[in-house]
Each structure stands twice: as structure tokens, then as C-alpha cells.
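Okay, structure first, notes after.
The basis for the numbers below is simple: all heavy atoms, side chains too, and nothing from hydrogens, waters or symmetry mates. Here is how names work: the chains are called A, B, and so on, in the same order as the sequence lines, proteins then strands, and each is numbered from 1.
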Amino acid sequence: MARHLITSAIPYINGIKHLGNLVGSQLPADLYARYLRARGHEVLFLCATDEHGTPAELAAKKAGKPVAEYCAEMHKVQEELANGFRLSFDHFGRSSSPQNHKLTQHFAAKLDEAGLIREVSETQMYSPEDGRFLPDRYIEGTCPNCGFDSARGDQCDNCTKQLDPVDLINPRSTISGATNLEMRETKHLFLCQSQMRDRLAEWIDSKADWPVLTTSIAKKWLFDGDGLQDRGITRDLDWGIPVRKGDEDWPGMEGKVFYVWFDAPIEYIACAQEWEEAGKGSDWQRWWRTDAGADDVRYTQFMGKDNVPFHTLSFPATILGSAEPWKLVDYIKSFNYLNYEGGQFSTSRGRGVFMDQALEILPADYWRWWLLSHAPESNDAEFTWENFQSSVNKDLADVLGNFASRVTKFCRSKFGEVVPEGGAWGERESALVEELKGKLAEYEAQMEAMEIRKAAASLRAIWVAGNEYLQEAAPWATFKEDPDTAAMQIRLGLNLIRLYAVLSQPFIPDASAQLREALGVQEAEWPQDLETDLQRLAPGHAFTVPDVTFRKIADAEREEWQERFAGVR
RNA sequence: GGGCCUGUAGCUCAAUUGGUUAGAGCAGAGCGCUCAUAACGCUUUGGUUGGGGGUUCGAGUCCCUCCGGGCCUACCA
């Protein structure tokens with residue numbers, strides 16, 4: 001029994017996330033958290049909404065609401081969707097929480113004390129009409145290189161040349177279209193990450209077991225060109241955490257806020273405080289402070305590859321630089337992207353399936369199974385409706401659902417809705433137990449290693465073993481000559497359903513609960529010894545035939561959905 | 001431009017890090033079963049591992065080169 005801290009990258013507040021976002025962090029993190037809990041470990045699984053930054057302000061403006069109100073509403077929406085997908089966060093916090101305000105300001109003060117903050121004066125594009133400084137990508141104009149008229153301030157989408165906004169010909173604000181942009185001087189705080197390069201590099205080098213995707217991105221940032229650069233950690237925005245040095249004002253920084261990527265990871269820690277304050281637990285420091293017990297904690301982060309630099313470099317720089325005993329991450333599981341039907345998911349064009357729409361169409365387990373069993377681990381993966389339909393129908397409806405159905409219905413018709421008595425295990429049953437032991441060990445090993453696709457395949461193989469056994473044992477034939485043996489066979493079948501419900505819980509929690517309810521079992525104890533675990537449902541135990549566990553997706557539905565989610569929301 | 005990842009059966013993916021005859025699932029074909037959600041089981045077809053060259057007793061794996069796909073490149077988050 002160990003203690004596991006698990007965090008999923010925190011989703012940005014502006015809008016509902018698509019399935020690619022879901023499978024890139026929250027869903028695999030949930031799988032892992034559920035598995036570890038099932039194995040009896042103590043788990044703290046945290047997530048939150050990431051609420052600061054320019055896009056949040058603009059989205060609120062577009063919605064005609066004060067940004068605080070907008071974020072509160074969207075937080076609620078995201079929380080409900082997380083519940084809908086059965087994401088088992090111990091707390092779903094907010095990066096705008098008072099706890100995070102305080103902690104972020106605290107970290108800034110500590111970093112300043114350590115001499116890791118410097119002030120930098122620079123000039124940035126300001127739009128008087130919008131009343132704000134414009135991030136590079138909110139400026140468009142004609143590309144000086146190729147003449148493309150919608151080149152963004154950071155890069156031209158046509159010729160891919162990297163640009164500086166001042167290079168653009170006829171620059172305009174993408175927010176208002178204003179063209180009267182001007183360069184204004186502004187002062188910002190920079191985190192001196194460059195001073196910490198060697199420490200960070202040494203730390204990354206010590207993580208030989210991390211996914212290549214994680215370490216290669218980190219190393220690229222550490223060593224590319226001039227190496228790790230200092231990074232601005234403040235912005236000229238209204239919505240955010242005010243720049244303060246702990247409890248004190250920060251002279252010259254009035255009216256500025258911390259950069260969202262500075263405060264967002266700190267929310268992982270603040271979230272534990274929110275968790276405690278919400279009355280869901282106690283002693284948050286035990287999870288986060290190595291001087292308060294967190295040395296015994298194994299901390300695992302889940303994220304999409306775009307988040308890797310912030311989790312391997314910026315956030316560790318914040319923690320190490322503070323010179324305080326905060327817990328550093330032990331393992332970073334990163335993911336590639338999920339594409340949609342030969343292209344990318346697109347939030348702006350409404351291409352692909354979004355979390356709310358997914359749940360309107362089918363229950364969470366259907367999505368959880370497909371997404372996890374096709375997680376983009378080694379490569380970008382692709383969602384297609386045909387693949388989704390065939391996976392769900394074959395794996396869930398035929399292999400697992402139908403197994404539960406055939407066993408319970410046969411039992412009902414021959415013995416009634418009660419675990420039948422009689423007969424004793426023979427060679428075939430012993431062989432099955434041995435086979436299952438091997439497959440279970442494999443499943444467990446893959447879950448421990450967070451090899452998600454492989455874990456799904458192993459679980460499926462365990463389901464298949466039940467069908468193979470049933471076919472060989474053929475209780476429908478045995479029953480005619482030897483009802484006692486048939487009773488034994490079907491008793492084992494019923495116990496297999498229970499076993500499957502327990503083992504499948506991390507992937508498909510609702511189906512697991514439904515099957516256990518039908519079988520009349522409350523517990524979901526992870527198997528210790530399959531010989532005894534497969535005899536837990538004893539003769540005389542009552543059950544009911546479950547409703548269809550997973551229904552099939554018809555061709556017509558699939559076609560309709562294909563059409564519906566092709567684009568333009 | 002630079003860096004990283006990637007290309008394996010019609011489709012989605014493996015291959016214990018250089019070691020026998022490259023394996024699974026789906027789809028296809030054949031057979032069996034009749035308890036079950038027209039479900040299940042068994043057998044089987046299918047590969048010049050993107051092309052070319054090299055190193056090696058031995059290459060899907062290492063090197064070079066060409067072709068294709070993807071990501072990152074620091075002010076979106």
C-alpha cells in the first residue's frame with residue numbers, strides 16, 4: 001500500500017473540451033487513479049479549471065458577461081461533464097481560487113528572495129481601441145515574406161516563417177479589427193530559468209523511465225540554441241492573480257497579473273488546499289510537503305504533449321527555485337493527439353465530438369472504452385466512427401456484455417435466479433484458473449506501467465477467456481446428462497461475471513456497477529487468489545439477469561453521427 | 001530553416017531494446033455450437049516491415065540517403 005498523488009493537466013476554461021482533450025490527460029489519469037484505489041492504495045487525484053489569460057477574457061466578453069461570472073459558470077459546466085464521464089477527481093478546483101492567489105504570490109516572493117526574478121522592460125503592441133496589449137497571435141497582417149494577407153503576429157500560416165508582430169504590413173487586431181496599433185513600453189517579471197538549466201537537466205537525466213515523448217521535449221527546450229530561456233511570468237491583463245510579493249505590494253507591478261502558465265501548475269498544490277477546505281480530506285501538506293510526509297508519495301502527472309515544457313521545466317523551476325520542500329513530480333505520462341476522421345478536432349469549426357455531445361449520444365462507458373483502448377500513446381491516433389462502432393460492438397456488446405447475458409439467462413432458465421449448487425471443479429476449471437492468473441498478472445503489470453492500450457487488450461483477453469471456457473464446457477449440453485456438473489460450470493460463469501466487473505471497473509465503472517448490482521454483490525475486492533475469488537458467489541446466492549449491458553451501435557446511427565459532427569457547430 | 005517522433009497485413013496496433021518461421025484484434029473465408037445482444041468457439045487467407053544502400057554471423061530494430069505523415073520551435077493555453 002502506497003500513497004499516490006495524481007494530477008491531470010488542468011483544462012482551459014473557455015468552452016467545452018473535445019474527446020481529444022479528454023483522452024490526452026483527464027481520462028487516463030482517471031483510469032490510473034481508479035486502478036490504484038482498487039488495489040488498495042491511498043490516492044489523491046486532483047484536477048481543476050485553468051481560468052486566467054487572454055482567451056478567457058475574450059470569451060467572457062463575447063458571452064457578454066463579467067469574466068469572473070463567466071468562469072464560475074464554465075467551471076460548473078466542466079465539472080458536470082467530468083462527473084458525466086465518471087472522472088473520479090477527489091477535488092475539481094479552480095486556478096482562480098483564493099488559495100491559488102495566495103500560493104502563487106508566495107512562490108513569486110520566494111523566487112525573488114532567491115534572486116531568480118528580474119524585471120525586464122520591453123515594448124509590445126497595444127491596441128487603444130481594444131484597451132489591451134495584444135499577444136502576438138492576436139495580431140494579423142500581411143506577411144513581409146510571402147505577401148499572405150492573414151499572417152499572424154507570431155508566424156505566417158502560409159509560408160510558416162516565424163514573425164515578429166512589428167514585421168507585419170498593415171497590422172490589425174484580430175479582436176476588433178483595429179488598425180491603429182502602437183508599440184508601448186511595459187515592464188514585466190521574468191523567471192530566471194536559465195540559471196537553473198543544469199539542475200533541471202540533471203533532474204531530467206535521472207528520469208530514464210519516462211516516455212521518450214516527455215524527455216525529448218524537455219531536452220529540446222533545455223539545450224536547443226542558446227538553451228533554456230528566462231520566461232516572462234507577468235502580463236498586462238485585468239483577470240488573473242495580482243502581482244504581489246507574498247503579502248506585500250510589488251512596486252512597479254501595479255495593475256499587472258501573473259502569467260497563466262505561472263499560476264496554473266501551482267493550482268495543483270492549491271487544489272489540495274481547496275480539497276481540504278471543502279471538507280473532503282485533511283492534512284494537504286502530507287501530499288505536497290516533503291517535510292510533512294510527501295517523500296512517501298509517488299506523484300504522477302498526465303498531460304498532452306503541448307503541456308510538457310511547462311511540467312518538465314517551468315513548474316519544476318518554480319518549485320526548485322523556491323528552495324522550499326515541495327514535492328516534485330516522479331513520473332510524467334504524456335500523450336500525442338487524437339485526430340478526427342482524417343483531420344484535426346477543431347473547436348472553432350465544431351469539427352469532431354465534444355464532451356457534452358458525446359454524452360448526449362451514448363453513455364460514458366462506451367467512450368471511455370474506445371478512447372482508452374486507442375489512447376494516443378506512441379503516436380497520434382485517429383477517431384473514426386467505423387472504428388468506434390466496431391470496437392464498441394465487438395468488445396463491449398459481444399465479448400463482455402453477451403457473456404454476462406448468456407450465463408445469467410441460461411442459469412435462470414435451468415436453475416432459476418440463484419447460484420446453483422452441485423458439482424466440483426475438474427481439470428478444465430483448474431486450467432482456466434491458471435490461464436486467468438497469467439492474464440491477470442499481465443493486466444496488472446500493464447496498468448502499473450500505464451501502458452493503457454496494452455492494458456485494455458489484456459482486459460479484453462480476460463473477457464475472451466470466459467467465452468472460450470463456456471464454449472468448451474458447454475453447460476447446455478452437460479445439463480442433459482449431468483445437471484450437477486452443469487451447475488458447477490454455470491456457477492463458475494457467474495463468478496467470472498463478478499470477476500470481470502471488478503477488473504473492468506477502472507475502464508467502465510458504470511457497467512461494472514450495473515453488473516455487480518445484478519449479481520447482488522456490493523464489494524469489488526481486487527482478486528488476491530483466483531481459486532477462492534472465483535468461488536465467492538456461493539450456491540444459494542440470489543441474482544437477477546442484468547439489462548443489456550452494452551447495446552450495439554447500428555449502421556444508421558453511425559452514419560447520422562458521422563454527418564452531424566463533420567463540422568460547423 | 002532547425003529539432004524530435006513516426007511509416008509493420010485491407011483497418012487499428014504489437015514485436016521482451018540486434019537473435020529462430022514478424023504477432024494480436026477487427027474485416028474476409030471455411031467449419032463447429034445453439035446458452036446468449038444474428039451472439040460464442042475453432043481453423044484459415046493476408047506482410048519484399050515506405051524505397052534504396054550500408055554495418056553485422058544475424059536488421060522491423062543500428063547507420064546513410066530519398067519519399068510520406070505528425071509535433072514542437074518559447075507572447076494561445
Strand-adjacent residues in residues 257-265 of chain A, judged by heavy atoms under 4.0 Å from RNA chain B: Y259(A), V260(A), W261(A)

Gap in Å between the two P atoms, one belonging to C11(B) and one to U16(B), rounded: 23 Å

Apply side-chain contact (heavy atoms from CB on, under 4.5 Å) to the pair R231(A) and F310(A), showing each step before the final yes or no. CA-CA 11 Å; R231(A) 193 168 180 119; F310(A) 304 100; 3.3 Å; yes

Is the phosphate of C71(B) approached by Q344(A) (side-chain N or O, under 4.0 Å from OP1 or OP2)? yes

Using a cut-off of 4.0 Å on non-hydrogen atoms, how would the nucleic acid contact of P55(A) be classed: base, sugar-phosphate, or nothing? sugar-phosphate

Test your reading of the model: is there a side-chain donor-acceptor pair from K414(A) to the backbone of F479(A), 3.5 Å cut-off? no

Using ring pair (Phe, Tyr, Trp, His ring centres under 6.0 Å) as the criterion, list what pairs up with F315(A), not counting sequence neighbours. none

Residues at least two apart in sequence or cross-chain that pass ring pair (Phe, Tyr, Trp, His ring centres under 6.0 Å) with H188(A), listed by chain then number, are none

Is the Lys NZ or Arg CZ of K439(A) less than 6.0 Å from the centre of Y443(A)'s six-membered ring, within 45° of the axis? no

Could you give the CG-to-P distance, from D306(A) to C5(B), as a whole number of Å? 18 Å

Please tell me if R460(A) has a side-chain N or O lying less than 4.0 Å from either OP1 or OP2 of C26(B). yes

Rounding to an integer number of angstrom, what distance separates A27(B) and G41(B) when you compare their P atoms? 11 Å

Whole angstrom value for the distance that separates C1' of G70(B) from CD1 of I217(A): 12 Å

Starting at atom CG of L459(A), determine the distance to atom C1' of A24(B), rounded to an integer number of angstrom. 16 Å

When the side chains of residues 9-17 of chain A are checked against the rest of the protein, which donor-acceptor pairs come out under 3.5 Å, sequence neighbours left out?
unit_1 : atom_1 : unit_2 : atom_2 : d
Y12(A) : OH     : H52(A) : O      : 2.5
Y12(A) : OH     : A56(A) : N      : 3.0
K17(A) : NZ     : Y12(A) : O      : 3.2

Show me the donor-acceptor pairs, under 3.5 Å and distance only, between side chains in residues 402-412 of chain A and residues at least two apart or in other chains.
unit_1  : atom_1 : unit_2  : atom_2 : d
R406(A) : NH1    : N467(A) : OD1    : 2.8
T408(A) : OG1    : A404(A) : O      : 2.7
T408(A) : OG1    : S405(A) : O      : 3.3

Ignoring backbone atoms, test whether Y337(A) places a side-chain nitrogen or oxygen under 4.0 Å from the OP1 or OP2 oxygen of C72(B). yes

Which is more 5' along RNA chain B, the nucleotide nearest D50(A) or the one nearest Q193(A)? Just name the residue. Q193(A)

Go through I175(A) and R132(A) one step at a time and tell me if the side-chain contact (heavy atoms from CB on, under 4.5 Å) criterion holds. CA-CA 10 Å; I175(A) 302 165; R132(A) 61 168 67 239; 3.9 Å; yes

Per-nucleotide protein contact along nucleotides 10-17 of chain B, 5' to 3', at a 4.0 Å heavy-atom cut-off (B base, S sugar-phosphate only, - neither), is --SSSS--

With C1' as the reference atom in both, quote the distance from C71(B) to G10(B) in angstrom, rounded to an integer. 28 Å

Residues passing the ring pair (Phe, Tyr, Trp, His ring centres under 6.0 Å) test with Y337(A), sequence neighbours excluded, are none

Polar atoms only, N or O, under 3.5 Å: list the protein pairs with nucleotides 38-43 of chain B and their distances.
unit_1 : atom_1 : unit_2  : atom_2 : d
A39(B) : OP1    : K552(A) : NZ     : 3.2
A39(B) : O5'    : K552(A) : NZ     : 3.0
A39(B) : O2'    : N402(A) : OD1    : 3.4
A39(B) : O2'    : N402(A) : ND2    : 2.3
C40(B) : OP1    : K394(A) : NZ     : 3.0
C40(B) : OP2    : K394(A) : NZ     : 3.3
C40(B) : O2'    : R406(A) : NH1    : 3.1
C40(B) : O2     : Q471(A) : OE1    : 3.0
C42(B) : OP1    : E468(A) : OE2    : 3.4

Tell me which pairs pass salt bridge (charged side-chain N to carboxylate O under 4.0 Å, His left out) where either residue lies in residues 470-480 of chain A, with sequence neighbours left out. R428(A)-E472(A)

Are the ring of W476(A) and the six-membered base ring of C35(B) within the stacking cut-offs of under 5.5 Å and under 30°? yes

Indicate, with a heavy-atom threshold strictly under 4.0 Å, whether G227(A) touches base, sugar-phosphate, or nothing. base

Does OP1 or OP2 of U37(B) have a side-chain N or O of K409(A) closer than 4.0 Å? yes

Hey, is the side chain of E386(A) pairing donor to acceptor with the base of C26(B) inside 3.5 Å? no

Residues two or more places apart in sequence or in another chain: which of them pass side-chain contact (heavy atoms from CB on, under 4.5 Å) with D365(A)? R368(A), I508(A), P509(A), D510(A), A511(A), F550(A)

Has the side chain of N495(A) got a donor or acceptor atom that lies under 3.5 Å from a matching backbone atom of R491(A)? yes

Quick one: label T54(A) by what it contacts on the DNA or RNA (base, sugar-phosphate, nothing), any heavy atom closer than 4.0 Å. sugar-phosphate

Whole-Å gap separating P (G70(B)) and OH (Y340(A)): 19 Å

Give the rounded distance in Å between these two atoms: CD of E557(A) and P of U37(B). 18 Å

Could you give the distance separating A14(B) and G51(B) at their C1' atoms, to the nearest angstrom? 24 Å

Rounded to whole angstroms, how far apart are CZ on F190(A) and P on A74(B)? 13 Å

Determine the interatomic distance between P on A15(B) and the same-named atom on U61(B); round to the nearest Å. 14 Å

Just the rounded figure in Å: distance from C1' of C72(B) to CG of L228(A). 15 Å

Taking atom CD as the centre, does E182(A) end up with more than 12 heavy-atom neighbours from other residues, nucleotides or ligands that are less than 6.0 angstrom away? yes

Can you tell me how far P of A77(B) sits from CG of L58(A), to the nearest Å? 10 Å

Can you tell me how far C1' in U55(B) sits from the matching atom in C62(B), rounded to whole Å? 8 Å

When we call it a touch if two heavy atoms are under 4.0 Å apart, what does G53(A) touch: a base, just sugar-phosphate, or nothing? sugar-phosphate

Nearest-0.5 Å distance that lies between atom CG in D198(A) and atom CG in L228(A): 10.5 Å

By ring pair (Phe, Tyr, Trp, His ring centres under 6.0 Å), F258(A) pairs with (sequence neighbours left out) F262(A)

Nearest-Å distance once atom C1' is located in both G25(B) and C33(B): 22 Å

Could you check if the base of U17(B) is syn or anti? Syn means the glycosidic torsion is within 90 degrees of 0. syn

Can you run through RNA chain B from 5' to 3' and write each base as (, ), [, ], | or . depending on how it pairs? Watson-Crick or G-U wobble, both distances under 3.5 Å. (((((((..((((.....[...)))).(((((.......))))).....(((((..]....))))))))))))....

Apply side-chain hydrogen bond (donor to acceptor under 3.5 Å, both in side chains) to T49(A) and Q78(A), showing your working. CA-CA 8 Å; T49(A) 39; Q78(A) 294 214 22; over 6 Å; no

Between U44(B) and C26(B), how far apart are the two C1' atoms, rounded to whole Å? 16 Å

